[in-house]
Amino acid sequence: MSGSDDDDDVPTLSAHTLAALQQFYEETGTGPDHKAVPSDPFSVGALEEDWRMSQFWYSDETATRLAEEVVREAGEGGRIACVSAPSVYQKLKQGVVDGSERVTAIVFEFDRRFSTYREDFIYYDYNQPLSLPESVEPRSFDVVLADPPYLSEECLSKVSETIKYLSKGKVLLCTGAIMENLAKDLLDVKMCSFEPHHNRNLSNEFRCFVNYPSSLL
């Protein structure tokens, strides 16, 4: 992870803890303001992370590297699905990644704040992995980049259902290193040498996995 003191490390909260935290916020009226309107909606981190939804944004460098990867793999006129990975979608829309203007990116996200992206936003709840609009056809994305919100077998298994439905073949998965064996079993992916980083350090080692020949390997 990028250099910060250990005191700055952010823990990866369990689904149970996050649920309890959300209940506390609701009862006390505290927590992130979901109605805040960012001045630049496509900057990485334009919307504040919400721990209640296990949100931890990529660093700008990581978002750029992943955006470059999916643009290259999608090809001219390619379609990219960013599943629970809004940082990469935002980087693609900034117009700073070479070739990003020649691809189409869609963000699948539980957080409805991202509905400001209008037709590029599709509401997504991993608990209902195949509950998608009829307009989202099977195997309609050249590359699927997914970052499951929780480090659990249940979450990765359900997100994998979504990935398999959306993908024409190429999968880029970002999750904890501890999920390596399950990720391989579910999606036949290999761990990359490239190590993604977040704006805040996470307590768990985070890695990328792909099922195709990649420079990230």
Side-chain angles (χ1 to χ4, degrees), residues 41-42 44 47 53 55 58 62-150 154-175 179 182-190 192 196 208-217:
F42 293 125
V44 175
L47 296 175
M53 289 181 276
Q55 290 177 337
Y58 296 133
T62 291
T64 299
R65 180 70 185 277
L66 295 177
E68 291 171 343
E69 172 72 10
V70 294
V71 166
R72 180 170 52 251
E73 295 301 327
E76 183 82 22
R79 302 186 75 230
I80 300 166
C82 298
V83 180
S84 301
S87 299
V88 178
Y89 167 83
Q90 290 169 328
K91 182 57 65 176
L92 288 168
K93 301 300 287 188
Q94 287 177 20
V96 297
V97 173
D98 186 37
S100 61
E101 73 282 359
R102 298 190 296 271
V103 299
T104 299
I106 301 294
V107 60
F108 293 75
E109 176 59 51
F110 182 78
D111 187 347
R112 293 188 185 275
R113 290 181 297 169
F114 291 99
S115 64
T116 56
Y117 299 143
R118 300 182 181 275
E119 65 272 8
D120 285 354
F121 168 82
I122 292 178
Y123 176 74
Y124 173 69
D125 182 352
Y126 82 87
N127 289 297
Q128 298 176 304
L130 300 181
S131 180
L132 300 169
E134 291 184 1
S135 59
V136 180
E137 298 180 353
R139 296 177 296 281
S140 56
F141 288 88
D142 297 280
V143 182
V144 176
L145 185 156
D147 185 344
Y150 302 109
E154 177 198 25
C155 183
L156 181 53
S157 296
K158 289 182 176 179
V159 172
S160 293
E161 290 185 49
T162 308
I163 293 172
K164 291 175 181 177
Y165 177 85
L166 296 175
S167 178
K168 292 181 179 180
K170 294 179 180 178
V171 174
L172 171 51
L173 175 71
C174 299
T175 188
M179 309 303 291
L182 180 60
K184 178 174 176 55
D185 291 342
L186 292 171
L187 297 167
D188 193 27
V189 291
K190 296 180 180 180
C192 301
C208 292
F209 304 81
V210 295
N211 68 345
Y212 58 88
S214 167
S215 61
L216 298 177
L217 288 168

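Position 1 is the first residue of the sequence; numbering continues from there.
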Residues which pass side-chain contact (heavy atoms from CB on, under 4.5 Å) with Ala146, listed by chain and number, not counting sequence neighbours: Val83, Val159, Ile163, Leu173

Across all chains, not counting sequence neighbours, the side-chain contact (heavy atoms from CB on, under 4.5 Å) partners of Val136 are Phe108, Ile122, Leu132, Pro133, Phe141, Tyr165, Leu166

Within 6.0 angstrom of Asp98 CG, more than 12 heavy atoms from elsewhere: no

Please examine the side chains of Met179 and Pro148, heavy atoms only from C-beta on, and report whether any two atoms are closer than 4.5 Å. no

Less than 4.5 Å apart, any side-chain heavy atom of Val210 and any of Val189? no

Donor-acceptor contact below 3.5 Å, side chain Asp147 vs main chain Ala85: no

Among all residues two or more places apart in sequence or in another chain, which pass the side-chain contact (heavy atoms from CB on, under 4.5 Å) test with Asp185? none

Closest contact, heavy atoms only, Ala74 versus Val103: CB-CG1, 4.3 Å

Note: Ala67 and Val97 closest approach over all heavy atoms is CB-CG2, 3.9 Å

Those residues that, when tested against Glu76, pass salt bridge (Lys or Arg N to Asp or Glu O under 4.0 Å) (two or more places apart): Arg102

I'd like to check the side-chain hydrogen bond (donor to acceptor under 3.5 Å, both in side chains) partners of Ser214; sequence neighbours left out, ordered by chain and number. Glu69

In this structure, OG of Ser167 is separated from CG of Leu172 (nearest 0.5 Å) by 11.0 Å

Can you list the residues that meet the ring-ring contact (aromatic ring centres under 6.0 Å, His included) rule with Tyr212, with sequence neighbours excluded? none

Sequence neighbours left out, what passes salt bridge (Lys or Arg N to Asp or Glu O under 4.0 Å) with Lys164? Give chain and number order. none

Any chance you could measure Tyr123, atom OH, to Glu109, atom CD, to the nearest 0.5 Å? 9.5 Å

Is there side-chain contact between Leu92 and Cys82, with at least one heavy-atom pair below 4.5 Å? yes

Taking side-chain hydrogen bond (donor to acceptor under 3.5 Å, both in side chains) as the definition, give me every residue that meets it alongside Lys158, ordered by chain and number, with sequence neighbours left out. Glu154

Pairing residues for Thr162 by the side-chain hydrogen bond (donor to acceptor under 3.5 Å, both in side chains) criterion, not counting sequence neighbours: Tyr124

Tell me whether Glu137 at atom CD has more than 12 heavy atoms from other residues, nucleotides or ligands lying less than 6.0 Å away. no

In sequence, state the C-alpha distance, the side-chain angles, and the governing distance for Val88 and Cys174, and then conclude on side-chain contact (heavy atoms from CB on, under 4.5 Å). CA-CA 11 Å; Val88 178; Cys174 299; over 6 Å; no

Salt-bridge test for Arg79 and Asp142: reply yes if a basic N is under 4.0 Å from a carboxylate O, no otherwise. no

Near-ring test Tyr89/Tyr117, centroid separation under 6.0 angstrom: yes

Nearest non-hydrogen partners of Ala63 and Tyr58, listed with the distance: N-CB, 4.1 Å

Would you call Tyr126 and Pro149 a side-chain contact if the rule is heavy atoms closer than 4.5 Å? yes

side-chain hydrogen bond (donor to acceptor under 3.5 Å, both in side chains) with Glu134: which residues, sequence neighbours excluded? none

Closest heavy-atom contact between Thr64 and Lys91? OG1-CE, 3.3 Å

From Gln90 CD over to Asp120 CG, what is the distance, rounded to the nearest 0.5 angstrom? 12.0 Å

Results of salt bridge (Lys or Arg N to Asp or Glu O under 4.0 Å) for Glu73 - residues two or more places apart only: Lys170

For Ser100 versus Gly95, what's the shortest heavy-atom pair and its separation? OG-CA, 3.8 Å

Holding to side-chain contact (heavy atoms from CB on, under 4.5 Å), I want the full list of residues that pass it with Ser115, two or more places apart in sequence or in another chain. Phe121

Which heavy-atom pair separates Ile80 from Val71 by the least distance, and what is that distance? CD1-N, 4.1 Å

